[in-house]
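To start, the structure under review is shown below, and the notes come after it.
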Amino acid sequence: MSKLFRAVIMGPPGSGKGTISERIAQSFGLKHLSSGDFVRENIAAKTEAGVQAKTYIKKGLLVPDLVMTRLLLPRLEEMTKYSWLLDGFPRTLAQAEALNSACDLDVAINLNIPLETLKERLRHRWIHPPSGRVYNMCFNPPRIQGIDDITGEPLIQQEDDRPEALVARLRHYKDVAKPVIDFYKAKGILYTFSDTETDQIWPNISTLLSTKIPTIQSDARCASTH
Ligand SMILES: Nc1nc2c(ncn2[C@@H]2O[C@H](COP(=O)(O)OP(=O)(O)O)[C@@H](O)[C@H]2O)c(=O)[nH]1
Ligand SMILES: Nc1ccn([C@@H]2O[C@H](COP(=O)(O)OP(=O)(O)O)[C@@H](O)[C@H]2O)c(=O)n1
């Protein structure tokens, strides 16, 4: 019998998790669950977790594990019928262990992108907060500068993409990601992709997933949440 497919995508801020997740969601019909979007929704709605999360994000820090898991695991419980790709969670070993208790993963995609590339990309990243659409002034610019293509609403730069917060975020990522990578390596589900360009990485990810996903039942497939 075929089963649901569960994957995570990891990588430092700016490594292309969101961009690649959208391509995966479109090509393979998985739900794209963005932990960053969940955090931002909670901040916007001023939930208790959102208010707590905001103080950390402003400083370029990770949100504490307990706040993150409380925010995220209930969302996964709503998804038991679907195949999904989780983007941006887990960030720490404690989060990976919490996720492991909640479900079995099939694949962990790890994006390995040079530091200079990350800094350059995030300087040029603009987003449309209501939809989560992401632009880059060089790689995928909006048709009109500063304006979302679909709604015509203004784009913003996230607080944590500003240079002051950025360096701290990238440094922090390295420290906490290593044990998570080792955790998935030990489970035999880690697939690492290294390059400076998403367009070079994408065909390799697509090939990998084609070998992993074909057994999924068609009624379990669904469109991206974005
Ligand atoms: N120049 C360039 N920019 C890219 C590439 N892939 C993604 N981006 C942009 O880099 C920024 C970070 O990508 P995103 O998917 O948001 O990364 P995430 O932080 O890992 O989710 C966004 O502005 C993307 O549009 C690429 O191959 N080249
Ligand atoms: N598991 C997670 C996910 C997000 N976050 C926080 O939420 C912010 C936005 O998440 P994101 O996934 O959009 O971040 P990027 O890696 O795309 O820049 C991160 O920079 C973290 O501060 C976290 O602390 N822990």
Side-chain angles (χ1 to χ4, degrees), residues 8-25 32-44 49-50 52-73 75-76 85-99 109-114 116-129 131-142 149 155-162 165-177 180 193-203 205 226:
V8 294
I9 183 164
M10 305 174 49
S15 57
K17 297 183 296 294
T19 305
I20 291 172
S21 296
E22 280 304 303
R23 293 189 190 185
I24 293 174
H32 169 206
L33 311 178
S34 161
S35 60
D37 285 353
F38 291 156
V39 173
R40 284 184 282 274
E41 278 166 30
N42 275 268
I43 291 176
Q52 286 175 316
K54 189 173 181 181
T55 58
Y56 293 89
I57 291 185
K58 264 189 155 168
K59 294 182 202 144
L61 297 175
L62 284 180
V63 178
D65 292 329
L66 205 62
V67 179
M68 252 344 271
T69 46
R70 265 197 206 138
L71 197 143
L72 197 100
L73 293 183
R75 302 295 288 261
L76 293 186
L85 169 71
L86 182 54
D87 157 15
F89 184 100
R91 288 281 219 288
T92 66
L93 184 58
Q95 292 176 16
E97 285 166 346
L99 182 62
I109 296 169
N110 177 35
L111 302 176
N112 180 24
I113 313 292
E116 282 312 310
T117 307
L118 300 174
K119 285 191 192 160
E120 188 57 24
R121 283 183 188 179
L122 292 181
R123 255 178 1 108
H124 298 291
R125 174 158 75 176
W126 288 77
I127 65 158
H128 176 244
S131 67
R133 269 186 290 281
V134 176
Y135 296 89
N136 181 287
M137 291 311 158
C138 317
F139 177 65
N140 61 336
D149 284 352
L155 302 176
I156 61 148
Q157 258 199 317
Q158 286 171 195
E159 272 185 68
D160 57 1
D161 280 348
R162 294 180 205 285
L166 194 59
V167 176
R169 279 168 82 201
L170 293 173
R171 192 181 320 121
H172 217 82
Y173 176 81
K174 259 196 146 157
D175 294 342
V176 295
V180 183
F193 300 89
S194 307
D195 207 288
T196 55
E197 291 300 323
T198 293
D199 288 345
Q200 300 295 324
I201 288 176
W202 169 240
I205 293 185
H226 289 312

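First listed ligand is number 1; within each ligand, the first listed atom is number 1.
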Taking distance alone, with N or O pairs closer than 3.5 Å, would you say Gly88 contacts ligand 2? yes
Distance in Å, Ile109 CD1 paired with Ser15 OG, rounded so as to fall on 0.5 Å steps: 11.0 Å
As an exercise, state the distance from CD1 of Ile20 to CG of Leu85, rounded to the nearest 0.5 Å. 10.0 Å
Going by distance only, is there an N or O of Lys17 that falls short of 3.5 Å from an N or O of ligand 2? yes
Value for CE (Met68) from CG (Leu62), rounded to nearest 0.5 Å, stands at 9.0 Å
Taking only non-hydrogen atoms of Leu62 and a 4.0 Å limit, the atoms of ligand 2 in range are 23 (C), 24 (O), 25 (N)
Walk me through it: do Val180 and Met10 pass the test side chain to side chain contact (heavy atoms under 4.5 Å, CB included)? CA-CA 9 Å; Val180 183; Met10 305 174 49; 3.6 Å; yes
Least distance between heavy atoms, Ile24 atom then Trp202 atom: CG1-CZ3, 3.5 Å
Looking at Gly36, which atoms of ligand 2 are within less than 4.0 Å of one of its heavy atoms? 10 (O), 11 (P), 12 (O), 13 (O)
Lys/Arg N to Asp/Glu carboxylate O, Arg121 vs Glu116, below 4.0 Å: no
Heavy-atom pair with the smallest gap, counting every atom of Asp87 and Lys17: OD1-CB, 3.3 Å
Is it the side chain (CB and beyond), the backbone, both or neither of Arg125 that lies under 4.0 Å from ligand 2, heavy atoms counted? side chain
If the threshold is 4.0 Å, N to carboxylate O, is there a salt bridge linking Asp199 and Arg23? yes
Taking all non-hydrogen atoms of both residues into account, name the closest pair between Gly50 and Ile43 and its distance. O-CG1, 3.4 Å
Any N or O on Pro12 sitting closer than 3.5 Å to an N or O of ligand 2? no
Between Leu99 and Pro90, what is the shortest heavy-atom contact and its length? CD2-CD, 3.9 Å
Between Asp161 and Arg125, does any NZ, NE, NH1 or NH2 come within less than 4.0 Å of an OD or OE carboxylate oxygen? yes
Pocket residues of ligand 1, ordered first by chain and then by residue number (heavy-atom cut-off under 4.0 Å): Pro12, Pro13, Gly14, Ser15, Gly16, Lys17, Gly18, Thr19, Arg121, Arg125, Val134, Tyr135, Asn136, Phe139, Asn140, Glu197, Thr198
Just going by heavy-atom distances, which of Lys54, Met68, Gln158, Arg91 is nearest to atom 14 (O) of ligand 2? Arg91
If we only count N/O pairs under 3.5 Å, is Arg40 in contact with ligand 2? yes
Side chain or backbone, does Asp37 bring an N or O within less than 3.5 Å of an N or O on ligand 2? no
Residue part near ligand 2, for Ser35, under 4.0 Å between non-hydrogen atoms: side chain
Which atoms of ligand 2 are found less than 4.0 Å from any heavy atom of Phe89? 1 (N)
